[in-house]
Amino acid sequence: MVLHLTNYQYFIPNHNEQIPIINRIIDLSYLKNDWFVNQNDGFSARYFYSAAIAYLTNFFDLPIVYFIVF
């Protein structure tokens, strides 16, 4: 029973796919020809979330922003 509980993980959000989009907002030349990053430019919830995180990187580094947000 204890071994089973040590392997169980609660819901952990995985937002690693947001990092390239955030880096693109910070630096427009980052992954300039990548289809996934280009697909997420524009009016969408994913873009506005990435823009908010990118704005916070003006004050802190990206890993610290992720730590604060989550």
Side-chain angles (χ1 to χ4, degrees):
M1 178 78 175
V2 174
L3 182 61
H4 174 69
L5 291 177
T6 57
N7 291 332
Y8 181 77
Q9 293 182 354
Y10 293 98
F11 176 73
I12 300 171
N14 186 0
H15 294 286
N16 291 333
E17 71 267 5
Q18 296 297 120
I19 293 174
I21 301 167
I22 295 168
N23 285 332
R24 166 63 75 79
I25 294 170
I26 294 170
D27 179 17
L28 294 176
S29 65
Y30 181 77
L31 295 177
K32 191 174 182 179
N33 296 321
D34 185 61
W35 66 271
F36 177 73
V37 177
N38 290 334
Q39 176 183 347
N40 290 301
D41 282 345
F43 188 78
S44 68
R46 179 176 285 189
Y47 176 78
F48 288 121
Y49 170 79
S50 300
I53 296 295
Y55 174 75
L56 292 175
T57 61
N58 292 326
F59 307 106
F60 304 105
D61 291 334
L62 186 58
I64 294 173
V65 170
Y66 263 73
F67 178 75
I68 291 170
V69 171
F70 296 109

Notebook entry, point to check: D34: what forms a side-chain hydrogen bond (donor to acceptor under 3.5 Å, both in side chains) with it, not counting sequence neighbours?
Noted result: none

Note to self: My understanding is that only residues two or more places apart in sequence, or in another chain, count here; which of them pass side-chain hydrogen bond (donor to acceptor under 3.5 Å, both in side chains) with D27?
What the structure shows: S29

Next item on the list: Measure across V65 and L56 and return the closest heavy-atom pair with its distance rounded to 0.1 Å.
Entry: CG2-O, 3.7 Å

Treat each ILVMFWY residue as a node, draw an edge where side-chain heavy atoms are under 4.5 Å apart, and state whether [X] and [Y] are in one component.
| X | Y | result |
| --- | --- | --- |
| Y66 | I26 | yes |
| F36 | I19 | no |
| Y30 | L62 | no |
| Y47 | V69 | no |
| L28 | I21 | no |

Check: Under the criterion side chain to side chain contact (heavy atoms under 4.5 Å, CB included), which of R46, E17, Q18 is the partner of N40?
Finding: R46

Next item on the list: Quick one: do I25 and Y55 satisfy side chain to side chain contact (heavy atoms under 4.5 Å, CB included)? Show the steps, please.
Entry: CA-CA 9 Å; I25 294 170; Y55 174 75; over 6 Å; no

Check: Does a sphere of radius 6.0 Å around CZ in F48 hold more than 12 heavy atoms from other residues, nucleotides or ligands, not counting ones at 6.0 Å or beyond?
Finding: yes

Checklist line | Side chain to side chain, F59 and I68, heavy atoms closer than 4.5 Å | finding: no

Check: If you round to the nearest 0.5 Å, how far is CG of N38 from CG of L31?
Finding: 9.0 Å

